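Worksheet: one structure, shown below.
Throughout, a chain's letter reflects where its sequence line sits, starting with A, and its residues are numbered from 1. What you see is a predicted model; the values in this text were computed from it and never measured. Atoms considered below: every heavy atom in the structure, side chains included; atoms not considered: hydrogens, waters and symmetry mates.
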Amino acid sequence: MCGRYTLDISEDKLTTYLKTYYEIEQEIDHRFNLPRYNIAPGQRIITILKDGDKFRSGPLKWGFVPFWAKDEKIGYKMINAKSETLASKPSFKHAFKNKRCIILADSFYEWKKDKNGKTPMRISLKNRKLFSFAGLWSSYQKEDGTNLYTCTIITTEPNEFMESIHNRMPVILTKEQEKIWLDPYINDEEKLNTVLRPYNSNEMTAYPVSTIVNNARNETVECIKPIN
DNA sequence: CCAGACGTTGTT
DNA sequence: GTCTGG
DNA sequence: CCAGACGTTGTT
DNA sequence: GTCTGG
């Protein structure tokens, strides 16, 4: 599963990143408060989607609320979506065809179970670069008529590397895979499914961190500090 | 047909 | 809205 | 994901 | 146990 992650990059550098890879000229909202060391469900997160031929970056609340929901609380239960069943679940099938997005990150946390209980692990790419999770988004109309925009992170079976830590992992996309995933003109299930695969084990790395990260109120750099 | 759920993970 | 179960 | 609350009425 | 909030 994937229920916590980081985006350890300055506002300036992320601005450059968005321009370089996605031709996005927008400013980053200062309220994102970058860098971030403990991003949790329920928060507004930085995402990218494709609007026609242009990429757009925007904040989406993490926790998918289907447009037909009676109550937005359901979002707290929909922070992840199983890649294997996206096309058949009433909650996700529409978004799978029409509302795909990616979520920018540079690492994520998983709690590894051992004899002592749970140890939070920080997992990132060996090259330490930013990457993106595959996601789905939704627009939900609230009672007061305003819209709530939400998203979910897609999970898959673990690769060889992740197996020792957890039984699921988020779908991480290469830049090539992102092109397919974000292309609004593609809606062929089989084609889309080809990118929803576990990431290359050889490019991933992990280390244990302090349980400071357990509490989502703790947002300091201590969250990513290695422990013995 | 209508009613009621619609989700994931991990734990029991 | 759409699917499953009765 | 984990942490922390989880209830009502009436009175201060 | 189960829901809400971060």
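Nucleotides dT9(D) and dC1(B) place their C1' atoms 46 Å apart, quoted to the nearest Å. As rounded to the nearest Å, dG7(B) and dT4(C) have P atoms that lie 10 Å from one another. Comparing dG4(B) with dC6(D), their C1' atoms are spaced 26 Å from each other, to the whole Å. Rounded to whole Å, the P atom of dT8(B) lies 25 Å from the corresponding atom of dG6(E).
Contacts of residues 130-164 of chain A with DNA chain B (heavy atom under 4.0 Å): Thr155(A).
Checked by atom type, the side-chain pair Thr155(A)/Asn80(A) shows no donor-acceptor distance below 3.5 Å. Side-chain atoms of Thr15(A) and Glu27(A) form no donor-acceptor pair, as typed in the model, at a separation below 3.5 Å.
The nearest pair of heavy atoms linking Pro158(A) to Asn167(A) is CD-O, 3.0 Å.
Here the options are Arg36(A), Arg122(A), Arg128(A), the test is salt bridge (Lys or Arg N to Asp or Glu O under 4.0 Å), and the partner is Asp106(A); only Arg122(A) passes.
Following chains of ILVMFWY side-chain contacts shorter than 4.5 Å, one cannot reach Tyr149(A) starting from Tyr76(A), and the two form parts of different hydrophobic clusters. Cluster membership for Ile227(A) and Tyr207(A), using ILVMFWY side-chain heavy atoms within less than 4.5 angstrom, is not shared.
Among the atoms of the strands shown, none is found under 4.0 Å from any heavy atom of Ser83(A). Among the protein residues, Lys77(A) comes within range of the nucleic acid bases, having at least one heavy atom under 4.0 Å from a base atom. Across all strands, Phe64(A) comes closer than 4.0 Å to no nucleic acid atom at all (heavy-atom distances). At a threshold of 4.0 angstrom between heavy atoms, the contacts of Phe67(A) are confined to the sugar-phosphate backbone, with no base atom among them. Residue Asn38(A) is classed as having no contact, given no heavy-atom separation below 4.0 Å to the nucleic acid. Nucleic acid contact for Tyr109(A): none, since no nucleic acid atom lies under 4.0 Å from a heavy atom of the residue. Within the 4.0 angstrom heavy-atom criterion, no nucleotide atom of any strand lies near Ala69(A).
The aromatic rings of Phe131(A) and Phe133(A) lie perpendicular to each other, with more than 60° between the two planes, well past the 30° mark. Taking the six-membered ring where the residue is Trp, Tyr22(A) and Tyr17(A) present tilted rings, their angle falling between 30° and 60°.
Nucleotides of DNA chain E with any atom under 4.0 Å from a heavy atom of chain A span, from 5' to 3', dT4(E) to dG6(E).
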Salt bridge (charged side-chain N to carboxylate O under 4.0 Å, His left out) between Glu25(A) and Lys19(A), intermediate numbers included = CA-CA 6 Å; Glu25(A) 304 276 358; Lys19(A) 185 162 176 0; 3.5 Å; yes
Asp144(A)/Thr146(A) under side chain to side chain donor-acceptor pair (under 3.5 Å): CA gap, chis, key distance, verdict = CA-CA 6 Å; Asp144(A) 64 8; Thr146(A) 61; 2.6 Å; yes
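Pairing partner, dG7(B): none, since no Watson-Crick or wobble contact has both distances short of 3.5 Å. Taking a pair to require two hydrogen-bonding distances under 3.5 Å in either a Watson-Crick or a G-U wobble arrangement, dC1(B) pairs with dG6(C).
Rounded to an integer number of Å, the gap from Lys93(A) NZ to dG7(B) C1' is 16 Å.
Aromatic rings of Phe55(A) and Tyr21(A) (six-membered ring for Trp) have centroids beyond the 6.0 Å cut-off, not under it.
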Reading nucleotides 1-6 of chain B from the 5' end, what letters show protein touch, with B for base, S for backbone sugar-phosphate only, - for no heavy atom under 4.0 Å?
-> -----B
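Lys126(A) NZ: more than 12 foreign heavy atoms inside a 6.0 Å radius.
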